Amino acid sequence: MNIHEYQAKAILRHFGVPVPDGHVVYNSNSARDWARRLGEGPWAVKAQIHAGGRGKGGGVKIAKTADEVRQYAKDMFGMTLITHQTGPEGRIVKRVLVENGCNIADEYYISFLVDRATDRVTLMASAEGGMDIEEVAAKTPEKLFFEAVDPVVGLTAFQARKVAFKLGFDMPQVKQAVPLLLNLYKAFVESDCSLLEVNPMVKTAEGNLLCIDAKLNFDDNALFRHLRIRDLRDYDEEDPMEIEASQYDLSYIALDGNIGCMVNGAGLAMATMDIIKHCGGEPANFLDVGGGATIERVTEAFKIILSDDKVKGILVNIFGGIMKCDVIATGVIEAAKQVGVTVPLVVRLEGTNVDKGRALLAESGLNIVSAEGMADAAEKIVKAVNG
Amino acid sequence: MSILIDKNTKVITQGITGATGLFHAQGARDYGTQMVGGVTPGKGGTSVDGFPIFNTVEDAVKETGATASVIYVPPIGSADAIMEAVDAGIELVICITEGVPVLDMVKVRKYMEGRNCRLIGPNCPGVITPGQCKIGIMPGYIHKPGPVGVVSRSGTLTYEAVWQLTTRDIGQTTCVGIGGDPVNGTSHLDVLQMFEADPDTKAVIMIGEIGGDAEEQAAAYVRDHMTKPVAAFIAGATAPSGKRMGHAGAIISGGKGDAASKKAFLAECGISVAESPAEMAEALLKVWTP
């Protein structure tokens, strides 16, 4: 799960990490009022969407007067902000963060993530702050510093010191960096983050360290123990169909193609998308109905697939293990009747009670094309859709 | 021979009184697995459908001599259940549960350091040695004893590969589902090493996914050390960057872990890469004759 920058900063502030004073606003007048309350200026005015690269798209401005704050905020509200992370459709700005500006002397990059290679939380840091860190990693990997954290001991002061010296800090900044890094680590583990990224952390002209941007992603599997974080979910930032699907425990992701897919199991669902593409078609979605698909879930899955206007055909690919194929077939038939499927429907069933399942489909009177094997299924649906 | 489990493996089920745990304990017993009991705290001394229940894994091990445990405990208690099994001296822990928090697994991995225990999973279908022992949620009848080892992160995609083999009359030594989570107990590489050491395994199918670089590490091992032919499929060629494809581990981030670069590296390492998931068995038969 993702949250907004202002929410991330509130969490970091709670853990004692220095962030600029600021406030989220929902209209331009309130942006001006908050600017006056926060300080003397200048102020940063920042569009709040769940994507990076906002500055280049006009989503981050520095204002010298409170009226400028109001004007910038006014320009941002309702604008469709397109960045390299939003995709071409962009995101509509509904929230704006107003915060005190600072005099930036140097910028740094700090992040924590779970490193799959070591199975440890790892601190990553670079003096190349404000840059695209993936570019730094690719071109100048020697400018990236890593510290793997022992999960029992936690990040230690000496590790934080090592990183601080590598970043080139003098002693006054090292003394600030150590508690800052320890507190970031604490925020990471106590909130069950999957990524915590501060880019940039800055050294101000006065010599103070300050996290002027913050991105927090959370482990969805751990949200059950973080109800306050779960409440920060912003549905405006998510695909409405993905939200609908998640309510039925369906894992759904919209794609650009025209062949809807319904599959059991994440790996098989990805493989089904791949084979459609391999046969010259384009998948409209990833959809995993899970192992315990019921008639209700199959029906909902159909509804969600069909609510996408682009869908010109549907491929159902089920490998019934514990799920019996006759049960799946009944679900597909019921769902097709209820929803009224008007596009070509190819069903590939394999596994337990497959003969019963195929017989049910054949006898249903519905226009269902039965397929044997994944290749046959993919060829049939691609042919039906592409003609 | 086989890897990890065989007809002599004694298994207990942690979470046996839950609907899922009991269902699959019964399924394993029907298949011929020595399912010798189960653990549910507070129900020790009772039994369910002929399975004796114990309060702790320690008690279960003492009474039954079990060396393997399968876990169906809900995510909130999964990490604790794994550590309890490790502490009780269980040699093989298979955690089926989906949705275990990643930082719980980070702690589990640390806890397991230096102990003589192998963890498979979490979020996995389990392990089967066809005709001998089935631990997990896979349908037993699609398998057949034989010479091919199968290792995969995914459940149903593994069934797909197994079925392609079985319908061609090619059996399997052992099929291992290592699970789709970013931090898990056993990697593709670990399982390839076991298959390489197993005299009965003559060839291997490895099924990977986008995300991480576990497949690349396994491929480097194939290139440098493996004498047996390996075929592979990587799922997720059509997955967009930054979107999590069901499995927490299946995400392309920072331009790393995409299917095309994985496939290219695997092919460079001498692995026969299937372009389509319908051709996994065929890809193996290109480099191996049964």
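Chain naming here is simple, since letters A, B, ... match the order of the sequence lines and numbering starts at 1 in each. From a predicted model like this one, the values you see are computed outputs, not experimental measurements.
- Separation of atoms CZ (R225(A)) and CG (L103(B)) is listed at 7.0 Å; rounding is to 0.5 Å.
- For A148(A), the side-chain contact (heavy atoms from CB on, under 4.5 Å) test picks out R120(A), T122(A), with sequence neighbours left out.
- Other residues, nucleotides and ligands contribute at most 12 non-hydrogen atoms within 6.0 Å of the NZ atom of K383(A).
- Residue contact with chain B, scored on non-hydrogen atoms closer than 4.5 Å, is absent for Y252(A).
- Note on A138(A), S194(A), P151(A): by heavy-atom pairs under 4.5 Å with chain B, the leading option is P151(A).
- Proximity to chain B is absent for every atom of E135(A), based on heavy atoms less than 4.5 angstrom apart.
- N317(A) contributes atom CG, which lies 6.5 Å from atom CD of E160(B) (distance to the nearest 0.5 angstrom).
- Interface residue V100(B): only backbone heavy atoms are found under 4.5 Å from chain A.
- What you find for A278(B) and M374(A) is that their closest heavy atoms are CB-CB, 4.2 Å.
- Shown here are the side chain to side chain donor-acceptor pair (under 3.5 Å) partners of N258(A), two or more places apart in sequence or in another chain: there are none.
- Distance CD1/I318(A) to OG1/T156(B): 8.5 Å, rounded to 0.5 Å.
- With a 6.0 Å radius and a threshold of 12 heavy atoms from other residues, nucleotides or ligands, E372(A) has its CD atom at or below the threshold.
- Proximity to chain B (any heavy atom under 4.5 Å) is restricted, for L255(A), to the side chain, taken from C-beta onward.
- Applying a 4.5 Å heavy-atom cutoff, the residues of residues 274-282 of chain A that approach chain B are D274(A), I275(A), K277(A), H278(A).
- In this structure, chain A has heavy atoms under 4.5 Å from both the backbone and the side chain of I76(B).
- V183(B) has its side chain within reach of V114(A): a pair of non-hydrogen atoms, C-beta onward, lies under 4.5 Å apart.
- In this structure, no portion of Y111(B) lies under 4.5 Å from any heavy atom of chain A.
- When all heavy atoms are compared, the tightest approach of A271(A) to A235(B) is N-CB, 4.2 Å.
- Contact check for L268(A) versus Y159(B): no side-chain heavy atoms found under the 4.5 Å cut-off.
- Among R109(B), K107(B), K110(B), the one residue that satisfies the salt bridge (Lys or Arg N to Asp or Glu O under 4.0 Å) test with D150(A) is K110(B).
- No side-chain heavy atom of M270(A) sits under 4.5 Å from any side-chain heavy atom of S154(B).
- Most heavy-atom pairs under 4.5 Å with chain B, from the set P283(A), A378(A), G351(A): that is G351(A).
- The side chain to side chain donor-acceptor pair (under 3.5 Å) test applied to Q172(B) returns T166(B), not counting sequence neighbours.
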